[in-house]
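What follows is one structure encoded as structure tokens, with my remarks underneath.
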There are 2 protein chains.
Amino acid sequence: MGVSRTEIFSEQQNRLADLAKAFAHPARVAILQMLMAKKACVCGDLVGELGLAQATVSQHLKELKRIGIIQGEINPPRVCYCINPPVWEEAKQAFGALLDTRVEVSCC
Amino acid sequence: MGVSRTEIFSEQQNRLADLAKAFAHPARVAILQMLMAKKACVCGDLVGELGLAQATVSQHLKELKRIGIIQGEINPPRVCYCINPPVWEEAKQAFGALLDTRVEVSCC
DNA sequence: GTCAATGATCGCAATATTGCGATATAAACT
DNA sequence: AGTTTATATCGCAATATTGCGATCATTGAC
């Protein structure tokens, strides 16, 4: 009945799916790209760059924090967000392991 | 009001988000892993391996086909699904380009 | 033609996501 | 204490996703 059946999948599969969610919305891709490029790291600046309301950006940041791929450093009255290197590395490994597998042409 | 604002993001960002959606559900991760491992490629076999109903699996396959990362070859009365190498490569490039960017430790 | 097998699609219910205005919170400053 | 600034959270509405039973469509076998 519409409930996500996470229990029937492996920890690894669920984690990879969660990491993928960090990239599965263009706003979050844009946020991560900005953080990587150090174009902006303060919430307010991100709001300015993206065309979205502050509440919306804050929610995307919250989701990225939940996944663990970014961390927020409180620097009153601002919060400076940045990539969390260990989780970024985890994502690189996880996607790399799957994507670098050789794809064979023939099927069946 | 809840509509995804794809128009304010770049083509590239929207495409990467779409590619990420292929991996953003554990069932789709499992399907892609099975296709890669050639453990199963026929819809019915996938249904057997996953613990999900046939209709549900068919829908995930449809979504993966929409993204383009898999293709279905009709082999009556079965359909054999397999990875679509060009799009797989596209995903590898897209994720690689973003994830391989050097993460600097300091922030602000 | 009918039948069985396989997969796609429909229709529905439950839940999740996206977005935003309004409000709450927290800290620095007066 | 009151004000300002920056961010988080609440509450709501709209839409998307997930899941499944039932049904439809296609093909091969009879």
Side-chain angles (χ1 to χ4, degrees), chain A residues 1-9 13-14 17-18 20-31 34-35 40-67 70-82 107-108, chain B residues 1-9 13-14 17-18 20-31 34-35 40-67 70-82 107-108:
Chain A
M1 300 137 179
V3 250
S4 227
R5 313 267 312 264
T6 59
E7 74 281 2
I8 68 173
F9 301 104
Q13 287 165 337
N14 282 310
D18 231 30
K21 278 180 196 163
F23 301 97
H25 190 288
R28 293 198 289 271
V29 171
I31 289 171
M34 284 185 220
L35 294 184
C41 67
V42 174
C43 174
D45 295 345
L46 294 168
V47 173
E49 293 284 335
L50 301 165
L52 294 170
Q54 184 264 322
T56 306
V57 174
S58 196
Q59 223 172 284
H60 282 301
L61 289 168
K62 186 182 177 183
E63 175 68 0
L64 291 171
K65 255 195 300 185
R66 182 191 66 75
I67 295 163
I70 67 169
Q71 56 194 155
E73 191 182 316
I74 297 164
N75 196 347
R78 288 149 215 245
V79 178
C80 169
Y81 284 100
C82 49
C107 172
C108 297
Chain B
M1 299 140 180
V3 249
S4 229
R5 312 267 312 264
T6 58
E7 75 280 3
I8 67 173
F9 302 104
Q13 288 165 337
N14 282 311
D18 232 29
K21 278 180 197 162
F23 302 97
H25 190 288
R28 293 197 290 268
V29 171
I31 289 171
M34 283 184 220
L35 295 184
C41 67
V42 174
C43 175
D45 296 345
L46 294 168
V47 173
E49 293 284 335
L50 300 166
L52 294 170
Q54 184 264 322
T56 306
V57 174
S58 196
Q59 225 172 284
H60 282 302
L61 290 169
K62 186 182 179 185
E63 174 68 1
L64 290 171
K65 254 195 301 185
R66 183 192 63 78
I67 295 163
I70 68 169
Q71 55 194 155
E73 191 181 316
I74 297 164
N75 198 347
R78 289 146 215 248
V79 179
C80 168
Y81 285 99
C82 50
C107 171
C108 299

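Worth saying up front: this structure is predicted, and the values here are computed from it rather than measured. Below, chain A is the first sequence line, B the second, and so on; all start at residue 1.
Ranking D/dT7, C/dA8, D/dC20 by closeness to the A/V42 side chain, first place goes to D/dT7.
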task: Carefully, step by step, assess A/C82 and A/L35 under the rule side chain to side chain contact (heavy atoms under 4.5 Å, CB included).
output: CA-CA 6 Å; A/C82 49; A/L35 294 184; 5.7 Å; no

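Separating the CG atom of B/L46 from the P atom of C/dA8 is a distance of 10 Å, rounded to the nearest angstrom. For the pair A/E63 CD and C/dT17 P, the computed distance is 6 Å after rounding to whole Å. Residue B/I70 contributes atom CD1, which lies 13 Å from atom P of C/dG7 at whole-angstrom precision. The interatomic distance linking A/E73 (CD) with C/dA27 (C1') rounds to 16 Å, in whole Å. Following rounding to the nearest Å, B/L50 (CG) and D/dC20 (C1') show an atom-to-atom distance of 15 Å. In this structure, CG of B/N75 is placed 18 Å from P of D/dT26, rounded to the nearest angstrom. The CG-C1' distance, from B/N14 to C/dT18, rounds to 14 Å in whole Å. Atom-to-atom, NZ of A/K62 to P of C/dT18 comes out at 13 Å; the value is rounded to the nearest Å.
Look at B/H25 and you won't find any side-chain N or O under 4.0 angstrom from OP1 or OP2 of C/dA16. Taking 4.0 angstrom as the limit, A/R78 places none of its side-chain polar atoms (N or O) nearer than this to OP1 or OP2 of C/dA26. At the phosphate of D/dT7, neither OP1 nor OP2 sits under 4.0 Å from any side-chain N or O atom of A/S58. Residue A/H60 has a polar side-chain atom (N or O) positioned under 4.0 Å from OP1 or OP2 of C/dG19.
When the shell of 6.0 Å around CD1 of B/I8 is examined, it contains more than 12 heavy atoms from other residues, nucleotides or ligands.
Side-chain atoms of B/Q59 stay outside donor-acceptor range of the base of C/dC10, with no qualifying N/O pair under 3.5 Å. Interface remark: the A/Q54 side chain does not form any donor-acceptor pair with the D/dA6 base, using a distance-only criterion of under 3.5 Å.
Heavy atoms of A/A55 sit under 4.0 angstrom from at least one base atom. Among the atoms of the strands shown, only primed sugar atoms or phosphate atoms (P, OP1, OP2) are found under 4.0 Å from some heavy atom of B/L52.
With hydrogens and angles disregarded, no donor-acceptor distance shorter than 3.5 Å links the side chain of A/R28 to the backbone of A/L64.
Heavy-atom distances to DNA chain D give each of B/K21 and A/T56 a nearest nucleotide, and the one nearer the 5′ end belongs to A/T56. Mapping A/F9 and A/L61 onto DNA chain D by nearest heavy atom places A/L61 closer to the 5' end of the strand.
In this structure, NZ on B/K62 lies 12.5 Å from CD1 on B/I70, to the nearest 0.5 angstrom. For the atom pair NZ (A/K65) and NE2 (A/H60), the distance works out to 14.5 Å, reported to the nearest 0.5 Å.
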